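First the structure, in the form of C-alpha cells, and then the observations on it.
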Amino acid sequence: MNRSVYRWSSLILRKMAEEINKSEIRSSPSIIAKSRSLWPSVLRWIPTSTDHIIASEKRLLSLVKTPYVQELVNIGSGPPGSKVRWFRSSSNEPRFINTVTFDSNEGSPTLVMVHGYAASQGFFFKNFDYLANRFKVIAIDQLGWGGSSRPDFTCKSTEETEAWFIDSLEEWRKAKNLSNFILLGHSFGGYVAAKYALKHPEHVQHLILVGTAGLSSESDTTYEWVTRFRATWRGAILSHLWESNFTPQKIIRGLGPWGPDLVRKYTAARFTNRYSPEGVFTEEESRLLSDYVYHTSAAKASGELCLKYIFAFGAFNRALLNSASEWKVPTTFIYGAEDWMNYQGAQEAREQMKVPCEIIRVPQAGHFVFLENRDGFHSAVLYACRRFLSPNPDKEPFPDDLVSA
C-alpha cells in the first residue's frame, strides 16, 4: 500500500459501492441470462478462475526468451507434527506453490525470488532473462497468491500470519530439496524473506531485500504524511477499511466485469516512467501484465488478508528493525532512489547487525526498481552476489551507476 493506492481507492469507493449493490442480485435467473448474452464465455460476476491465472501467466512469460519449467509444488496439508491443519483450513487437501524455474549454466548459484504484496512472480518478467545468465533463477507465488493454492485465511494474529508464509516457504524448500541459495524478496516479500532467514539461516547464503517492508524508521516523513492523512475524512474511511481487512482486491472483485478495465487504467498509470520517453513497458507488455494482474487479483481472497496482521495503517512495521541484532545471514538492501520505503530504516538496522550488510540505492527508480530501472537493479544484484560470481570478489569495483548508502 502507498499514496497512489490511497488516492486510487478513495476515488472509486463510490463506484465500488454501486457495483457491489448490483452484484448482490447476480444470482437471479434474469441477471445470469443477461450475463450470458453479454459475455458468452463468462458465466460468473468475476470473470476469472485458476485456469485464467495460469493462462495469463503463460502469455506474460512468453515474452521471456529463456526456457523455463512451470510446476505446482506440493507442500502437503500441514507442517510435520502439527495437530493444526494447514492455516486452520477445514480441509486436509494438499496445498501447492506455483513455481517457475529457468534454464541456467551448470554450477550457477541458485537465486530464489519472492514477490511483494498484491503481486506475483510474473512481476519479475523483465528480469528473468538477464538474471538467468548468471543464476539458476527460481520464482514462486507465495501461498494464497498468483497461481498457488488459496486456502481460507483464518489467521487471527501476527504470529499465525507470519507462520503461514514462513512455514509454507520452508515446506516448499524441502519439496524442492534446496539449500544454500540466495533469497531475494521485494517489499512484503522482503519481509517474508527476512523472517524466513531469521528462522532458517542455515539454508540462505545471502539475503537481498528490495524495497523491503518491516523497517519503518521513526524519522520517516511518509509516517508523518500518513498521520496527517488519517486525520482527514478520506483517511478516516481508509483507516477503517484497513482495520476491517478491506483490501484493494475486494474493490476489483466488487466491480465484477468492470474490474479488468480498472486494472488496465491503474497499471498504465502506475508504471509510467518519467525518466524514459519509451516508458516502462511496450504496449504489448502493458496489455499482458494488466491481464495477469487482473486475474491474480480477482481470484479468491487468501494471502492478501494478511495485511492488517502484519502492518499498521500505511504499511508501517518495525519488526525487522527490532530484530536486526539477531540476523545471521549477510544482507544487501536495494532501494530505488525515490522508493516510498525509506532506506533510513535499513541504515538503522545495519548499526545493530552483526553480519555483513550493504545498502544500495538505484537512481531513477521508485518502489518497483526492478521494472523502473532494470539495468540499475541488475547491476545491484550482481554486485550483491559478487562473492558467488567473481573469482576476486574483494576487487570488484562498486558500479558507477549506483549509490552506496
Side-chain angles (χ1 to χ4, degrees), residues 64-66 102 104-105 107-116 123-137 139 181-187 189-190 193-194 197 204-212 215 271 273-281 327 329-351 353 355-405:
V64 179
K65 297 178 181 178
T66 306
F102 292 84
S104 62
N105 296 324
S108 296
T110 299
L111 175 66
V112 176
M113 305 181 74
V114 184
H115 63 83
F123 272 62
F124 296 115
F125 78 105
K126 296 289 286 184
N127 313 113
F128 288 142
D129 279 330
Y130 184 91
L131 295 176
N133 282 324
R134 300 296 189 94
F135 304 93
K136 177 182 179 180
V137 175
F181 54 88
I182 301 161
L183 183 58
L184 181 153
H186 172 243
S187 195
V204 182
Q205 292 177 301
H206 196 87
L207 191 60
I208 302 177
L209 305 181
V210 183
T212 187
L215 291 169
F271 294 107
N273 192 338
R274 63 180 179 275
Y275 299 112
S276 172
E278 293 81 17
V280 177
F281 302 124
W327 289 25
V329 177
T331 303
T332 300
F333 295 96
I334 299 176
Y335 289 87
E338 298 189 20
D339 194 335
W340 68 280
M341 288 289 192
N342 199 315
Y343 71 96
Q344 292 175 347
Q347 289 179 318
E348 291 182 32
R350 182 173 56 187
E351 294 175 1
M353 294 170 67
V355 294
C357 173
E358 297 174 321
I359 303 171
I360 301 174
R361 301 182 71 200
V362 180
Q364 299 185 351
H367 191 53
F368 286 90
V369 55
F370 53 91
L371 293 175
E372 295 162 335
N373 185 345
R374 296 186 293 276
D375 291 343
F377 171 74
H378 297 152
S379 181
V381 171
L382 294 189
Y383 185 76
C385 298
R386 59 192 181 279
R387 70 186 179 99
F388 308 106
L389 300 172
S390 172
N392 297 299
D394 293 336
K395 296 183 179 180
E396 288 293 322
F398 188 82
D400 294 334
D401 56 339
L402 304 177
V403 177
S404 176

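Nothing here was measured: the structure is a model prediction, and the numbers come from that model.
Ala349 and Leu215 get closest at one heavy-atom pair: CB-CD2, 4.0 Å. Nearest heavy atoms, Val369 versus Ala365: CG2-CB, 3.8 Å. For Ala380 against Val362, the heavy-atom pair with the smallest separation is CB-CG2, 4.4 Å. Between Pro363 and Ala337, the shortest heavy-atom distance links the atoms CA-CB, 3.9 Å. Scanning all heavy atoms of the two residues, the minimum distance from Leu207 to Ala194 falls at CD2-CA, 3.9 Å. Taking each heavy atom of Pro109 and Leu389 in turn, the nearest pair found is CG-CD2, 3.8 Å.
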Show, in sequence, the C-alpha distance, side-chain angles and deciding distance for Phe377 and Val210, and conclude whether the side chain to side chain contact (heavy atoms under 4.5 Å, CB included) test is met. CA-CA 9 Å; Phe377 171 74; Val210 183; 3.9 Å; yes
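Contact annotation: the side chain of Phe102 approaches that of Val64 to within less than 4.5 Å [non-hydrogen atoms, C-beta and beyond]. At least one side-chain heavy atom of His367 sits less than 4.5 Å from a side-chain heavy atom of His186. Within the 4.5 Å cutoff, no side-chain heavy atoms of Tyr383 are placed close to those of Thr332. Considering only heavy atoms from C-beta on, Ile360 stays 4.5 Å or farther from Ser379 through its side chain. The side-chain heavy atoms of Tyr335 and Ile359, taken from C-beta on, include a pair separated by under 4.5 Å.
Between the Thr331 side chain and the Val329 main chain, a donor and an acceptor come within less than 3.5 Å of each other. Between the side chain of His115 and the backbone N or O of Ala139, no donor-acceptor pair lies under 3.5 Å. Side-chain N or O atoms of Asn373 include none that pairs as donor or acceptor with a backbone N or O of Gly336 at under 3.5 Å.
Atom-to-atom distance recorded for Tyr343:OH and Arg350:CZ is 10.0 Å, nearest 0.5 angstrom. Rounded to the nearest 0.5 angstrom, Ile334 CD1 and Leu402 CG are separated by 8.5 Å. Here the CZ-CZ distance, from Phe271 to Phe281, works out to 5.0 Å after rounding to the nearest 0.5 Å.
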Determine all donor-acceptor pairs shorter than 3.5 Å in which one atom belongs to a side chain in residues 124-136; sequence neighbours excluded.
unit_1	atom_1	unit_2	atom_2	d
Lys126	NZ	Glu285	OE1	3.4
Lys126	NZ	Glu285	OE2	2.5
Asn127	ND2	Phe370	O	2.8
Asn127	ND2	His378	NE2	3.1
Asp129	OD1	Lys65	N	3.1
Asp129	OD1	Thr66	N	2.8
Asp129	OD1	Thr66	OG1	2.6
Asp129	OD2	Lys65	N	3.1
Asn133	ND2	Asp129	O	3.4

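The one candidate from Leu111, Ile208, Thr110, Val114 that meets the side-chain contact (heavy atoms from CB on, under 4.5 Å) condition with Leu183 is Val114.
For residues 375-393, the set of pairs meeting the salt bridge (Lys or Arg N to Asp or Glu O under 4.0 Å) definition, not counting sequence neighbours, comprises Glu358-Arg386.
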